[in-house]
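Notes for the one structure printed next.
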Amino acid sequence: MNETVARMLHELAELTELKEGSAQAFRVRAYENAARAVENLDRDVSEMTEKELVAVKGIGESIASKIREFVETGHIAKLDELRAEYPPEFVELLHVPGLGPKRVQALRDELGVQSVEGLRHAIEAGALRDLPGFGEKTEQNLAKAIERLGMSGKEVRRPIADVLPVATAIVEGLEGLGKAAVYAGSLRRFRETIGDVDVLVAAADHRPVVERFATLPDIAEVRAGGETKVTASTSTGLQVDLRVVDPDQFGAALAYFTGSKAHNIRMRQLAIDRGWMLNEYGLFDGDRVVAAKTEQDIYEALGLEFVPPPMREDTGEIERAARHDLPTVVELEDLRGDLHVHTDWSGDGRATLEEMLHGAKERGYAYVAITDHGKNLRVNGLSEERMLEQRAEIEKLRERFAPMVILHGSELNIGTDGSLDYDDDFLAGFDWCVAGVHDHFDLPKEQQTERLIAAMRHPAVRAIAHPFGRIIGRRPPIELDVEAVLAAAVETRTALEINSHLQRLDLPAEVARRAVNEGVRIIISSDAHAVHELGNVGYGVQHAQRGWVPKQAVLNAQAGPPSERSERWGEGTAAP
DNA sequence: GCCGTTTTCGGCCCGACTGTTTTCAGTCG
């Protein structure tokens, strides 16, 4: 319900902006703030009274009553009105780069343009160039923008797995030209999907950076450029923005371009409260530079704890940082082991048992669980016999890899009825098993939930691997009753995995945040099928930070291997 | 439309770039 209400409020914001333009910018922002407030609510809005809603920061009388109206009737009269006035095809025009509320209105009033298609015709007829506020250049730019977008007016967000390698290559290509080259933006905040890439270089001499940038193999076309800012795109149409900044101002620029926009606005407000000013060049008291060199300096000067980039979404981190009460989120160095690792014993593994163990040892792990696929995964699961052979092999290797503890386990397959690959006696022989859904992704919510919970109730199942089975941008998450799943995880003391594979990042961050609030244990796993993939846990950790997952909640951040079923991690202490 | 240990009314984040203008509006991030 909250998600639906939040979507309504976002739509209300967009349509209000369209109707009223910048004159009502503050109302637009109020709707957006309220939408975010709803997204971050612990409770379901449908269960809240109007009074309780008004008590939520960002929700006032007017929006509270609209939310109640929606809960009770399924409609918001004001939204229905706006929708009637601005049909979806028309609203789509707003998503064309270069078009905002003002120009879209002008197109409709002066030329009768009602859709992206209509705009295309108007451009072909040369009707835009004489429109006040437009011109020949604008007409050309819009034509290009439409062409780039295809028929739809919406710029696609791409899965992080598609974007991160490109961004990394670009950053590496710019190294050595200045003091630092990094990516910022939503990529640094580690969002699941990325709209465009922001690259930041600290260099006193701007020109060599800008020149090198244009020649990088990943850069196909430079679209616009000034002294310090260049906009380009890759051969696949991914937009890349480069900014070159003075090394002394790198921290301010990094904070600014990392965002999120909402987080930045709150930061600037804090600066104003102190009579200062914050922008991408620094934190200023009049002409005096209060802080600029590092992000840490800026947070400290504003009286805040440092906020890790993935948490910068204005979902309560500013308030907590001001009270010096941010949860200590898990860091890569906290991980003491990996509890979901494959070898070439199951067909999809690409490294031997010994190679994987070496890799784990090199990472300094105290323990590792070898969890090749259970036999029900037809293509590459291990029979009972093969499992026993592997166990004997591990037994022989234990001494060699001591003091690192090797757990022998399996990644079990959860059947549609919650059944597992082996009989109970055999399952009892494993040290540690994870279980996951690998088929029948489209079962109805109720059945899918029952299936998962049934697996959790089995004593051999210590963690649920990639609980939602999603592949970002490719396969949607399975439908689950999240509340029921979290309750079962607490009850059965079963951990939930954050799978570190870039295409999975599963649990989703918002579910992870709910889970740790309920006291659910988390494991951050590589699910590695090759030695270098053991390092993927770095992604898992950043993703976990988006979910505010504290170190104490992470089972494989504890010193020793998990032996018995663990306590509810937060038991007896305040929720993070 | 929301909000208030300086406010219940008057504020509400900041700068660059583009293209249209000839001093600036609109858009973007």
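Just so it is clear: chains get the letters A, B, ... in the order the sequence lines come, proteins before strands, and each one is counted from 1.
- Residues passing the ring-ring contact (aromatic ring centres under 6.0 Å, His included) test with A:H543: none are found, sequence neighbours excluded.
- Atom name C1', nucleotides B:dT7 and B:dC2: the rounded distance is 13 Å, in whole Å.
- The partner of B:dT8 cannot be assigned: no Watson-Crick or G-U wobble pair with both contacts below 3.5 Å exists in any strand.
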List the atom pairs, with distances to 0.1 Å, where a side-chain N or O of residues 211-222 of chain A and a protein N or O form a donor-acceptor pair under 3.5 Å, not counting sequence neighbours.
{"from": "A:R212", "atom 1": "NH1", "to": "A:G173", "atom 2": "O", "distance (Å)": "2.7"}
{"from": "A:T215", "atom 1": "OG1", "to": "A:R212", "atom 2": "O", "distance (Å)": "2.7"}

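- Side-chain contact of A:D297 with A:T294: a donor-acceptor pair under 3.5 Å is present, judged by distance alone.
- Between A:R312 and A:G259, the shortest heavy-atom distance links the atoms CB-O, 3.5 Å.
- Partners of A:H263 by side chain to side chain donor-acceptor pair (under 3.5 Å), not counting sequence neighbours, listed by chain and number: A:Y299, A:E317.
- Residue pairs satisfying the salt bridge (charged side-chain N to carboxylate O under 4.0 Å, His left out) criterion with at least one member in residues 176-189 of chain A, sequence neighbours excluded, are listed as follows: A:R188-A:E295, A:R189-A:E313.
- B:dG11 and B:dT18 have their P atoms separated by 34 Å, given to the nearest Å.
- Using a 90° window around 0 for the glycosidic torsion, B:dT7 falls inside it and is classed as syn.
- Look at CD on A:E61: it is 17 Å from P on B:dT8, rounded to the nearest Å.
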Would you tabulate the side-chain donor-acceptor contacts of residues 129-137 of chain A under 3.5 Å, counting partners in other chains and residues two or more places apart, or write 'none'?
{"from": "A:R129", "atom 1": "NE", "to": "A:E139", "atom 2": "OE2", "distance (Å)": "3.0"}
{"from": "A:R129", "atom 1": "NH2", "to": "A:E139", "atom 2": "OE2", "distance (Å)": "2.6"}

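- Rounding to whole angstrom units, CG of residue A:L18 and P of B:dG26 are separated by 14 Å.
- Per the geometry, CH2 belonging to A:W276 stands 15 Å off P belonging to B:dC14, to the nearest Å.
- Between A:N279 atom CG and B:dC14 atom P there is a gap of 9 Å when expressed in whole angstrom units.
- Every pair passing side chain to side chain donor-acceptor pair (under 3.5 Å) that includes a residue from residues 158-178 of chain A is listed here, sequence neighbours excluded: A:R158-A:T236.
- Between A:D241 and A:R27, the one whose closest nucleotide on DNA chain B sits nearer the 5' end is A:R27.
- Comparing the C1' positions of B:dT21 and B:dC14 gives a spacing of 23 Å, expressed to the nearest Å.
- Remark: A:Q249 pairs with no residue by the side chain to side chain donor-acceptor pair (under 3.5 Å) rule, at least two apart or across chains.
- No donor-acceptor distance shorter than 3.5 angstrom exists from the side chain of A:Q105 to the backbone of A:K102, with no hydrogens or angles considered.
- Applying the ring-ring contact (aromatic ring centres under 6.0 Å, His included) rule to A:F90 yields the partners A:Y86; only residues at least two apart in sequence or on another chain are considered.
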Can you give one letter per nucleotide of nucleotides 16-22 of chain B, 5' to 3': B if a protein heavy atom sits under 4.0 Å from the base, S if only from the sugar-phosphate, - if neither? SSSSS--

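- Comparing the C1' positions of B:dT8 and B:dC3 gives a spacing of 9 Å, expressed to the nearest Å.
- Between A:N33 atom CG and B:dG11 atom P the separation is 20 Å, expressed in whole Å.
- Taking atom CG on A:D198 and atom P on B:dC28, their separation rounds to 15 Å, with Å as the unit.
- Remark: A:D273 engages A:Q269 in a side chain to side chain donor-acceptor pair (under 3.5 Å) (not counting sequence neighbours).
- Using C1' as the reference atom, B:dC9 and B:dA16 are 33 Å apart when rounded to the nearest Å.
- Contact annotation: the side chain of A:V38 approaches that of A:I59 to within less than 4.5 Å [non-hydrogen atoms, C-beta and beyond].
- Closest to the side chain of A:P101, out of B:dT27, B:dG29, B:dC14, is B:dT27.
- A:E14 places its CD atom 13 Å from the P atom of B:dT27, with the value rounded to the nearest Å.
- Between the CG atom of A:L9 and the C1' atom of B:dC2 there is a distance of 13 Å, given to the nearest Å.
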Between the protein and nucleotides 3-6 of chain B, are there any N/O to N/O pairs under 3.5 Å, and if so, what are the atom names and distances?
{"from": "B:dC3", "atom 1": "OP1", "to": "A:G58", "atom 2": "N", "distance (Å)": "2.3"}

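- Nucleotides B:dG26 and B:dT22, compared at atom P, are 14 Å apart to the nearest Å.
- Using a 4.0 Å heavy-atom distance criterion, A:M277 is classed as a sugar-phosphate-only contact.
- Taking a 4.0 Å limit (strictly below) on heavy-atom distances, residues 164-175 of chain A does not reach DNA chain B anywhere.
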